[in-house]
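Chain naming here is simple, since letters A, B, ... match the order of the sequence lines and numbering starts at 1 in each. If you're wondering where the values come from, they're calculated on a predicted model, not measured in any experiment.
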Protein chains: 2
Amino acid sequence: MYEKKIPKDLSCGLNIAIEVIGGKWKANLLANISKGIIRPSELHKSIPQASARVLNQQLSELELHGIVEKKIYNVLPPKSEYSLTKNAESVLEVLRAMKSWGEGYKEIFHELTQNSRIEGHDGIANQESCS
Amino acid sequence: MYEKKIPKDLSCGLNIAIEVIGGKWKANLLANISKGIIRPSELHKSIPQASARVLNQQLSELELHGIVEKKIYNVLPPKSEYSLTKNAESVLEVLRAMKSWGEGYKEIFHELTQNSRIEGHDGIANQESCS
DNA sequence: AGTCTTATGGATAAAATTATCCGCTACTGA
DNA sequence: TCAGTAGCGGATAATTTTATCCATAAGACT
């Protein structure tokens, strides 16, 4: 028997940022869209590690959060396209800052963590899908 | 029956950044430590929403990732103190960038999401524990 | 002897996130 | 008629992350 329930403080700017860009594939999706890869099927080809379903979910959240927009063409077979909103610009800057830091920290990070994991990650693979 | 297993691309700087600072209480802990709140019990008082256990776990990860250091005094009752490493400086800058963006985006965010949630968050509470 | 203090971590459960499978739509072309 | 295409999303399972409960240690204080 437990007593408490779930909080989640979204009055804090930092938590909002994490909420918006923290999803597993979101940064990747944004990078691709900014590159011009804008249709769901193309995005899926570009990020084959994730299923189309999952990418869809993450795109929906990005849309809900005002980072991307979706245009649905009422044709068959279906066609839809994503584009970045004007809010996305500032997000991409933040992402760049994060990425830049992470790149610089990569070596230290792996040195520190290699002993605690059992050699289980992808190594240097997927550089292209890296956002 | 499923076929695939779990990936997780840590060759990407961005994923590393998220891995390091993405934990629910990490930014908060770092903010507190940089403020001079450095003992586990103090940190817990400062962040009562989380249990001491959880804070401990997150601190361990921060330590493993090279962001904080821990000094254990061999006395009784037990005493230990955390401090930021030199790596933490650049992390805090990234966090500031994220927070700054999130602060500016807060209104839009809440406007966009209020209709999809059932009034479930803490509102403007916990401003002090906000990192 | 009983209680309080402070930090730690095992066992376990709840909650949140991500993944898989599958079916549906409606047209195109073989 | 059957397969292929492109996008969507329900149901459900696996995985990961957070949370809760509890026990231990060992001295100080009442």
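When the P atom of dA25(D) is taken as reference, atom CG of L76(B) falls 12 Å away, rounded to whole Å. At whole-Å resolution of the value, CD in Q49(B) and P in dT17(D) are 21 Å apart. Rounded to a whole Å, the NZ atom of K26(B) is 12 Å from the C1' atom of dT18(D). Spacing between atom CG of N74(B) and atom P of dT6(C) amounts to 17 Å, rounded to whole angstrom units. The separation between N28(A) atom CG and dT18(C) atom P is 13 Å, rounded to whole Å. Between the NZ atom of K71(A) and the P atom of dG7(D) there is a distance of 15 Å, rounded to whole Å. A straight line from NZ of K79(A) to P of dA6(D) spans 11 Å, rounded to a whole angstrom. Distance L55(B) CG to dT20(D) P: 11 Å, rounded to the nearest Å.
For P77(A), the listed nucleotide lying nearest its side chain is dT5(D); candidates were dA7(C), dT5(D), dT18(C). Among the nucleotides dA19(C), dT18(D), dG9(C), the one closest to any side-chain atom of K24(A) is dA19(C). Checking dG10(C), dA19(C), dA26(D) against the side-chain heavy atoms of R53(B) singles out dG10(C) as nearest. Ranking dA7(C), dC8(D), dG7(D) by closeness to the P78(B) side chain, first place goes to dA7(C). The nucleotide whose nearest atom lies closest to any side-chain atom of V54(B) is, among dT8(C), dT20(D), dT6(C), dT20(D).
If you take CD on E63(A) and CD1 on I67(A), they are separated by 11.5 Å, rounding to the nearest 0.5 Å. A distance of 10.5 Å separates CD in E81(A) from CG in L43(A), rounded to the nearest 0.5 Å.
Counting non-hydrogen atoms under 4.0 angstrom, K70(A) reaches the backbone sugars and phosphates but no base.
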Step by step, would you call K106(A) with E103(A) a salt bridge (charged side-chain N to carboxylate O under 4.0 Å, His left out)?
CA-CA 5 Å; K106(A) 191 185 295 184; E103(A) 293 296 336; 2.9 Å; yes

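A close approach under 4.0 Å does occur between a side-chain nitrogen or oxygen of Q58(A) and OP1 or OP2 of dT18(C). At the phosphate of dT6(C), neither OP1 nor OP2 sits under 4.0 Å from any side-chain N or O atom of S80(B). At least one side-chain nitrogen or oxygen of W25(B) sits closer than 4.0 Å to the OP1 or OP2 atom of dA19(D). At dT18(D), none of the side-chain N or O atoms of S51(B) fall inside 4.0 Å of OP1 or OP2 (strictly under the cut-off).
Between P40(A) and G23(B), the residue anchored closer to the 5' end of DNA chain D is P40(A), taking for each the nucleotide with the nearest heavy atom.
The side-chain tip of K79(A) points at the ring of Y73(A) from less than 6.0 angstrom away and within 45° of straight on.
Side chain of N15(A) to main chain of D9(A): a donor-acceptor pair is present (N/O by atom type, distance under 3.5 Å, no hydrogens or angles).
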